[in-house]
2 protein chains.
Amino acid sequence: MPTSEPKSRKNDPETTKQDILAVATEEFAAYGLAGARVDAIAERTKTSKRMIYYYFGGKEDLYLAVLERSYRSIRVLESNLGLGKLSPVDALRRLIESTFEYDEKNPDFIRLVAGENINRAEHIRRSTLLRDVNTSIITTLTEVVRRGREDGSFKRDIDPIDLHMMISALCIFRVANRYTFGALFRRDMLDPTLTDTHRAMTCEMIIGYMTSEGGDAPLCLTGAA
Amino acid sequence: MPTSEPKSRKNDPETTKQDILAVATEEFAAYGLAGARVDAIAERTKTSKRMIYYYFGGKEDLYLAVLERSYRSIRVLESNLGLGKLSPVDALRRLIESTFEYDEKNPDFIRLVAGENINRAEHIRRSTLLRDVNTSIITTLTEVVRRGREDGSFKRDIDPIDLHMMISALCIFRVANRYTFGALFRRDMLDPTLTDTHRAMTCEMIIGYMTSEGGDAPLCLTGAA
DNA sequence: GTCTATATCCCGATAGAC
DNA sequence: GTCTATCGGGATATAGAC
């Protein structure tokens with residue numbers, strides 16, 4: 001058996017790296033960058049702590065690799081929704097529902113982003129790769145908004161980044177703030193019996209906004225002080 | 001001068017404690033519980049590290065005291081809005097706008113909450129005081145929703161906690177995720193030129209939802225696949 | 001490429017005088 | 001109530017053999 005065929009070996013570098021990344025994602029999501037422990041990551045990995053430094057350099061480099069992998073995952077998923085074949089309203093609804101489901105199923109990603117905001121995004125800022133990966137969602141939304149304006153279904157002239165902000169806000173909040181809400185108001189926002197209600201609220205709020213007319217004081221302000 | 005009048009002394013306990021709390025709020029908001037340094041807090045205080053342990057017991061107790069002070073601040077503000085004198089729609093708008101302004105002006109509070117969610121709210125959960133303090137916002141919203149349903153201006157039968165969730169989501173997101181958004185999309189969500197746009201979007205989205213009719217497929221689904 | 005053992009630093013908490 | 005000096009635990013990172 002020639003040594004030039006490493007793929008038959010039990011532990012090839014790529015598998016080891018992916019194993020480390022998967023475990024590190026959970027640890028960083030669970031405790032944040034400052035709270036995460038390299039020892040804890042190594043312990044749950046098939047390999048050793050030395051290998052983490054060997055492959056990734058250090059704790060912060062590993063953390064950045066985790067962020068890059070996580071962002072790529074959601075952006076790839078969004079790009080495969082086939083929104084171009086749908087009407088603008090249906091495309092928007094499909095994007096909102098996909099985001100809603102993805103966020104609910106991937107709390108680790110939400111927690112990573114929350115942690116990186118605590119860090120004032122100083123690690124994301126160092127990565128041009130992350131910026132490139134994330135352009136796709138804005139490109140997608142720009143096209144949906146353009147088509148909706150063109151066929152008249154969207155009445156609002158909105159910046160696509162602001163639309164992304166509103167979708168993200170409503171989908172992320174119930175995951176990101178699940179614990180404080182649960183502790184303060186005794187209501188688990190991820191309780192399965194609430195999913196349909198929350199998804200419908202999210203869709204109707206955003207689509208309702210996009211498809212309705214706006215104005216200076218559009219809503220029942222007559223007679224107010 | 002009798003010693004029973006301590007208010008004339010330069011350093012009375014209450015002032016010292018408030019000084020510590022103010023500095024600790026900034027430190028915990030800036031770095032989270034795990035990332036915050038007791039030494040850093042002590043350095044920027046008028047007093048010493050020893051006094052932090054003397055008054056508060058330890059790092060985690062100080063952190064909890066900071067959380068209690070911060071939550072009390074926003075809940076007191078909300079309670080003084082005089083919403084009972086306004087129509088349901090105007091009351092809702094006033095509450096949304098107040099929340100929007102408060103969150104924008106108090107990023108430290110938003111960051112504290114985000115950090116506590118990283119901690120899975122395990123500190124908030126230990127405090128019955130925090131739960132009591134936070135009931136007021138739900139009481140307030142319950143009353144607004146009840147009146148709006150009664151006079152017919154609100155068409156949706158919404159759980160007040162869910163309404164609070166939606167208001168919080170839209171107002172908090174642009175502050176909580178300011179840094180990752182800025183780094184990824186090159187748009188500072190707190191840029192002063194965006195404030196009016198975002199506030200109007202937030203109000204119209206929520207009030208528009210509450211005052212419009214809902215249904216299974218209420219929005220332009222005719223002809224869709 | 002992989003392991004164990006360890007160097008080095010940093011931080012929370014405390015001792016003990018005044 | 002306030003200060004300075006320091007202890008002790010634990011974390012990141014590395015050394016060095018195989």
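Just so it is clear, the values below take in all heavy atoms, side chains as well, and ignore hydrogens, waters and symmetry mates. Here is the naming used below: chain letters follow the sequence lines, and residue numbers restart at 1 for every chain.
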Tell me which pairs pass side chain to side chain donor-acceptor pair (under 3.5 Å) where either residue lies in residues 181-192 of chain A, with sequence neighbours left out.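 Every side chain to side chain donor-acceptor pair (under 3.5 Å) pair that includes a residue of residues 181-192 of chain A, provided the two are not neighbours, is A/Arg178-A/Asp188, A/Arg187-B/Asp159, A/Arg187-B/Asp162, A/Asp191-A/Thr193.
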For A/Tyr54 and A/Lys49, take the nucleotide of DNA chain C holding the closest heavy atom to each; which residue's nucleotide lies nearer the 5' end? A/Tyr54
Spell out, as yes or no, whether a donor-acceptor pair under 3.5 Å connects the side chain of A/Arg94 to the backbone of A/Leu83. no
Determine yes or no for a side-chain-to-main-chain donor-acceptor pair under 3.5 angstrom, with A/Glu116 supplying the side chain and A/His123 the backbone.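 Confirmed, A/Glu116 side chain pairs with A/His123 backbone.
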Quick one, which residues of residues 20-39 of chain A touch DNA chain D with a heavy atom under 4.0 Å?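 DNA chain D contact set from residues 20-39 of chain A: A/Ala36, A/Arg37, A/Val38, A/Asp39.
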Check ring pair (Phe, Tyr, Trp, His ring centres under 6.0 Å) between B/Phe181 and all other residues, then give those that pass, not counting sequence neighbours.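 Ring pair (Phe, Tyr, Trp, His ring centres under 6.0 Å) check on B/Phe181 returns A/His164, B/Phe173, B/Phe185.
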Under the rule for ring pair (Phe, Tyr, Trp, His ring centres under 6.0 Å), what residues qualify as partners of A/Phe109, not counting sequence neighbours? A/Tyr71
Whole-Å distance between [N] [atom2] and [X] [atom1]?
X       : N      : atom1 : atom2 : result
A/Phe56 : D/dA13 : CZ    : P     : 14 Å
B/Met51 : C/dA13 : CE    : C1'   : 14 Å
A/Asp19 : C/dG1  : CG    : C1'   : 15 Å
B/Glu43 : D/dT4  : CD    : P     : 12 Å
A/Lys17 : C/dT2  : NZ    : P     : 12 Å
B/Arg50 : D/dT4  : CZ    : C1'   : 12 Å

Tell me whether the OP1 or OP2 atom of D/dC3 has a side-chain N or O from B/Thr47 closer than 4.0 Å.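 Indeed, a polar side-chain atom of B/Thr47 lies that close.
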Any A/Ser48 side-chain N or O less than 4.0 Å from OP1/OP2 of C/dT2: no
Heavy-atom check, side chain of A/Ile207 versus side chain of A/Ile96, under 4.5 Å: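 Result yes, sub-4.5 Å side-chain heavy-atom pair found.
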To the closest 0.5 Å, what do you measure between CD (B/Glu26) and CG (B/Leu112)? 10.5 Å
If you only use heavy atoms from C-beta on, which nucleotide in [options] is closest to the side chain of [X]?
X       : options                : value
A/Tyr53 : D/dA15, C/dT14, D/dA13 : D/dA13
A/Tyr55 : D/dC3, C/dG1, D/dT12   : C/dG1
B/Lys59 : D/dC3, D/dA13, C/dG12  : C/dG12

Under the rule for salt bridge (charged side-chain N to carboxylate O under 4.0 Å, His left out), what residues qualify as partners of B/Arg111, not counting sequence neighbours? none
For the residue pair A/Thr140 / A/Glu78, report whether a side-chain donor-acceptor contact shorter than 3.5 Å exists.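 No, no side-chain donor-acceptor pair sits under 3.5 Å.
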Estimated bend of the helix from C/dG1-D/dC18 to C/dC18-D/dG1 (axis per five terminal pairs, rounded to 10 degrees):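 Axis angle across the helix from C/dG1-D/dC18 to C/dC18-D/dG1, nearest 10°: 10°.
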